[in-house]
Amino acid sequence: MAETISVLIPEDKVEARVRELGEQISRDYAGREIRLVGILKGASFFMCELAKRITVPVSIDFMQTSSYEGKTESTGTVRIKKDLDESIEDKDVIIVEDIVDSGRTLAFLGKFLESKGARSIRYCTLLDKPERRVVDLKADYSGFEIPDQFVVGYGMDYDQKYRNLPYIGVVHLDGEN
Ligand code: IMP
Ligand code: MG
């Protein structure tokens, strides 16, 4: 099925907000070091831009999970496809996500990283769809709250497409209004 994309959050607004989040994190972690753990593939674009705006020492790692399997609805179970490369023992970790939907992915990863001995864990997400939450999870840092619409761009995909859009767009399937 073909689809069209409309702009939800333009590029300049996304960039300004990412800069603010970086400044806020830099203030909160003054005098400490941060381990950013990005969730592939969606959060990779956001994490690179965010890391460039953080002024305290940063190291990075990535994990990959799956729950969507090519659909626009979560299947409910989170599976680890790629584990951490580096130990997070005694590290101050910020898990970086593109978007929090049901909250299952971050809730699962928070517990997982806690079991690996992180000193502290916080959640940073570019987008949040609070209406969709099924588990109790609140991000410590959140770029934008958005309505329940399927979005793409800035790392996020629809069937692996549109990750490279520099703005956040909404997907409209053909036949929809
Ligand atoms: P959760 O576990 O239900 O919170 O799902 C979070 C994951 O679902 C995110 O990391 C995204 O990869 C994916 N996701 C949720 N909503 C969207 C969307 O609107 N566009 C693209 N990916 C999404
Ligand atoms: Mg994701």
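Here the structure is a predicted model, which is why all the values come from computation and not from measurement. Just follow the structure's listing: the first ligand is 1, and inside any ligand the first atom is 1.
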List every atom of ligand 1 that sits less than 4.0 Å from any heavy atom of Q149, numbering the atoms from 1 in the order shown and giving each element.
19 (O)
Numbering as shown, the atoms of ligand 1 that approach D98 to under 4.0 Å (heavy-atom distance):
9 (C), 10 (O), 11 (C), 12 (O)
Only heavy atoms count here, so choose which of D101, V134, I99 is nearest to atom 11 (C) of ligand 1.
I99
Going by distance only, is there an N or O of V151 that falls short of 3.5 Å from an N or O of ligand 1?
yes
Out of all atoms in ligand 1, which are within 4.0 Å of some heavy atom of K129? Include the element for each.
16 (N), 17 (C), 18 (C), 19 (O)
I would like to know whether K129 and Q149 meet side-chain hydrogen bond (donor to acceptor under 3.5 Å, both in side chains); could you show each step before the answer?
CA-CA 8 Å; K129 288 186 205 172; Q149 289 176 307; over 6 Å; no
Which of the atoms of ligand 1 are close to E97, meaning less than 4.0 Å from one of its heavy atoms?
9 (C), 10 (O)
Salt-bridge present (K116, D83; N to O < 4.0 Å):
yes
Charged N to carboxylate O below 4.0 Å: is that the case for E86 and R35?
no
Atoms of ligand 1 close to T105 [distance to a heavy atom under 4.0 angstrom, numbered from 1]
1 (P), 2 (O), 5 (O), 6 (C)
If you measure from the Lys or Arg side-chain nitrogens to the Asp or Glu carboxylate oxygens, is any gap between K82 and D85 under 4.0 Å?
yes
Within reach of ligand 1, part of D157 (heavy-atom separation under 4.0 Å):
backbone
Do E20 and R17 sit within salt-bridge range, that is, some charged N less than 4.0 Å from a carboxylate O?
yes
Hey, does R133 sit under 4.0 Å from ligand 1 if you only count heavy atoms?
no
Which one holds for R132 and ligand 1: side chain close, backbone close, both close, or neither close, with close meaning a heavy atom under 4.0 Å?
neither
If the threshold is 4.0 Å, N to carboxylate O, is there a salt bridge linking D128 and R133?
yes
Could you pull out every donor-acceptor pair under 3.5 Å between side chains of residues 4-16 and any protein atom, sequence neighbours left out?
residue : atom : partner : partner atom : Å
S6      : OG   : H172    : NE2          : 2.8

Mind checking whether Y141 and Y29 have parallel, tilted or perpendicular rings, split at 30° and 60°?
tilted
Could a heavy atom of G103 be found less than 4.0 Å from some atom of ligand 1?
yes
